[in-house]
Student: 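The structure is given below, and queries will be raised subsequently.
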Amino acid sequence: MGTDDHRVIADEALLRSLVPRVTGILVRRGADVAAAEDAVQDALVEATRTWPTDPPQDPMGWLVTVAWRRFLDATRSETSWRRREERVADEPAPVPPAGADDTLQLYFFCAHPSLTPSSAVALTLRAVGGLTTRQVAEAYLVPEATMAQRISRPKRTIAGARLDQPGDVARVLRVLYLVFNEGHSGDVDLAAEAIRLTRQLLAAVDPAHDAHPEVAGLLALMLLHHARRGARTTADGALVPLAEQDRGRWDTTLVAEGVAVLQEALARDRFGPMQAQAAIAALHADAPSVEETDWVQVVEWYDELLRLGDTPVVRLNRAVAVGEADGPRAGLAALADVDASVPRHAAVEAHLRERDGDLGAAARLYAEAARAASSTAERDHLVRQAARLNAR
Amino acid sequence: MAKYLLLKHYRGAPTAPNDVPMDRWTPDEVSAHLGFMDDLADRLQASGELVDAQALAPEGTWVRYDGPGRPAVTDGPFAETKDLVAGWMAIDVDTHERALEVAAELSSAPGAGGEPIHEWLELRPFLTAPPTITE
């Protein structure tokens, strides 16, 4: 990769980091959010075309100017152009500095309660993340025309929604969590993108940091999981279970950052499920091996999670931890409290039965779990487990 | 945010209530049926839920490896087995309930007499990549 390539990539990262602020400025000058978002996308396309040969002195000012011009062009072409133009003409010309508030409001807008999860995700990636429709479509493996509708429809749904409404941070976090957890991707790494957007969100809520320790909790959770990503799969995509992962391949820089972010959040003593999950991830990241993991503390954090919200999935994961802390029999006893229809129930029972020495039952349960698996990597892994026991 | 495949069968599904072979329909009924399918695909694209829709020819060939240097093609008994896929529609929807709703709509396509064919469809979730946060 040559210097020019680095330059282009650096520009793209810079461009995308400016998107929410530029959109915010247009909105404060009088554009509605949907129109501002369209105009900024146009400006981004123009920037990727001209910046490589003609880089601007002031990227932010350049984007605001071009986007604002695009917005005016679009506005003029509408039937109500006169009324709009009069309103626009009243707006002050100079670029006001965009504050964290504008960025935050844009996150709230994209996670508006009237939007479905998939619409909220798509709109967030485009309006806050600055991705093109094609990039978002590729990431979600749907045709570009379909994704274009997934982005434009919600904008119509919430057209006219004002940005000064109080927003729901929990809803924004849910959207970012969904982005992070999307496994497949095109030329955009969705996990890295989710981390970038969550960092940006944390910076935006910073003035009211105390009010939103769960933002830090989610960021820590993402960083700690992302740190282990390289070791989670083999080169050909097969799943590597936690116990067999090469811990030398965990990214210690990301772990350290995740732990630091988490500790700062925990120190605020405003507890939530994201922080609890991050704490569990931190205990894994901290351990030199499965055996040396502080499973007793992991169980305690799961108990904490149960107090915050009793779900079958939390109970299932807790049973795994109990199995490690107190042995497979205790794990199976904990599992008895979990609804058998919960995904991965059979896989967990298979693991505990195997450790308890009941290999026949384990093989049968692994095969059952493989049939119920919802992902190819998981199914392949479980089939191998069953095959391993059956081949004894 | 999960993908599903809606499978239409030439054969193999239970008999639909309005089960008249398509070549016995009037040309207008055929056009209405095809128009309905196109329209549904358009509406699913507009709602951001369409992944793909394809029809398959009824004539398929069963093929298998038959030893080195011998490409084996057989019509054998297999082409007459009871199941035969006619086409598919792939959707990407927010909930399983929504997938059922789309399937029901696809099954309501008009057939003979302009009445819905109430065709049986097979609804199958795609296998995906595993989520990152699982532990």
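Chain letters run A, B, ... following the sequence lines, proteins first and then strands; every chain starts at 1. Everything numeric here is computed off the predicted structure, so don't read it as measured data.
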Student: I'd like to verify something: which residue of A/Pro117, A/Ala281, A/Ala377 has the highest number of heavy-atom pairs under 4.5 Å with chain B?
Tutor: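 Of the options given, most contacts go to A/Pro117.
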
Student: Using a cut-off of under 4.5 Å for heavy-atom pairs, which of B/Pro125, B/Gly48, B/Ala90 has the most such pairs with chain A?
Tutor: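 Option with the top pair count is B/Gly48.
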
Student: Given that the side chain runs from C-beta out, which part of A/Ala191 has a heavy atom under 4.5 Å from chain B: side chain, backbone, both or neither?
Tutor: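 Neither part; nothing is under 4.5 Å.
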
Student: Which bit of A/Leu224 comes within less than 4.5 Å of chain B, counting heavy atoms only: side chain, backbone, both or neither?
Tutor: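 No part of it gets close to chain B.
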
Student: If you round to the nearest 0.5 Å, how far is CD of A/Gln149 from CG of B/Leu44?
Tutor: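 Separation between the atoms: 11.5 Å.
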
Student: Given a strict heavy-atom distance threshold of 4.5 Å, which part of A/Ile151 is in contact with chain B: side chain, backbone, both, or neither?
Tutor: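 When you check distances to chain B, no heavy atom of A/Ile151 falls under 4.5 Å.
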
Student: Let me know if A/Val121 has heavy atoms under 4.5 Å from chain B in its side chain, its backbone, both or neither.
Tutor: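 When you check distances to chain B, only side chain atoms of A/Val121 fall under 4.5 Å.
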
Student: Quick check: does any side chain N or O of A/Ser118 sit under 3.5 Å from a backbone N or O of B/Asp94, one acting as donor and the other as acceptor?
Tutor: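 It does not hold such a pair.
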
Student: Counting only heavy atoms from other residues, nucleotides and ligands, does the tally under 6.0 Å from CZ of B/Arg43 exceed 12?
Tutor: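 Yes - once you tally the heavy atoms of other residues, nucleotides and ligands closer than 6.0 Å, there are more than 12.
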
Student: How close do B/Met1 and A/Glu182 get, heavy atom to heavy atom, and via which atoms?
Tutor: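 Heavy-atom minimum between the residues: CE-OE1, 4.1 Å.
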
Student: Return the minimal non-hydrogen interatomic distance between A/Thr146 and B/Gln45, and the atom names on each side.
Tutor: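 Smallest heavy-atom distance, with atoms named: OG1-CG, 3.8 Å.
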
Student: Would you mind checking which part of B/Thr95 comes under 4.5 Å of any heavy atom in chain A, side chain (CB onward), backbone (N, CA, C, O), both or neither?
Tutor: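 Interface part for B/Thr95: neither.
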
Student: In this structure, are over 12 heavy atoms from other groups packed under 6.0 Å from B/Trp120 atom CH2?
Tutor: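 Atom CH2 in B/Trp120 is not crowded, with 12 or fewer foreign heavy atoms closer than 6.0 Å.
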
Student: Minimum heavy-atom separation for B/Asp92 and A/Val142, please, with both atom names.
Tutor: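 In this case the closest contact between B/Asp92 and A/Val142 is OD2-CG1, 3.4 Å.
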
Student: Indicate the atoms forming the closest heavy-atom contact of A/Leu239 with B/Pro130, along with that distance.
Tutor: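 It is CD1-CG, 3.9 Å.
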
Student: Looking at side-chain heavy atoms only, is the closest gap between A/Leu141 and B/Lys3 below 4.5 Å?
Tutor: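 SC-SC contact between A/Leu141 and B/Lys3 confirmed.
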
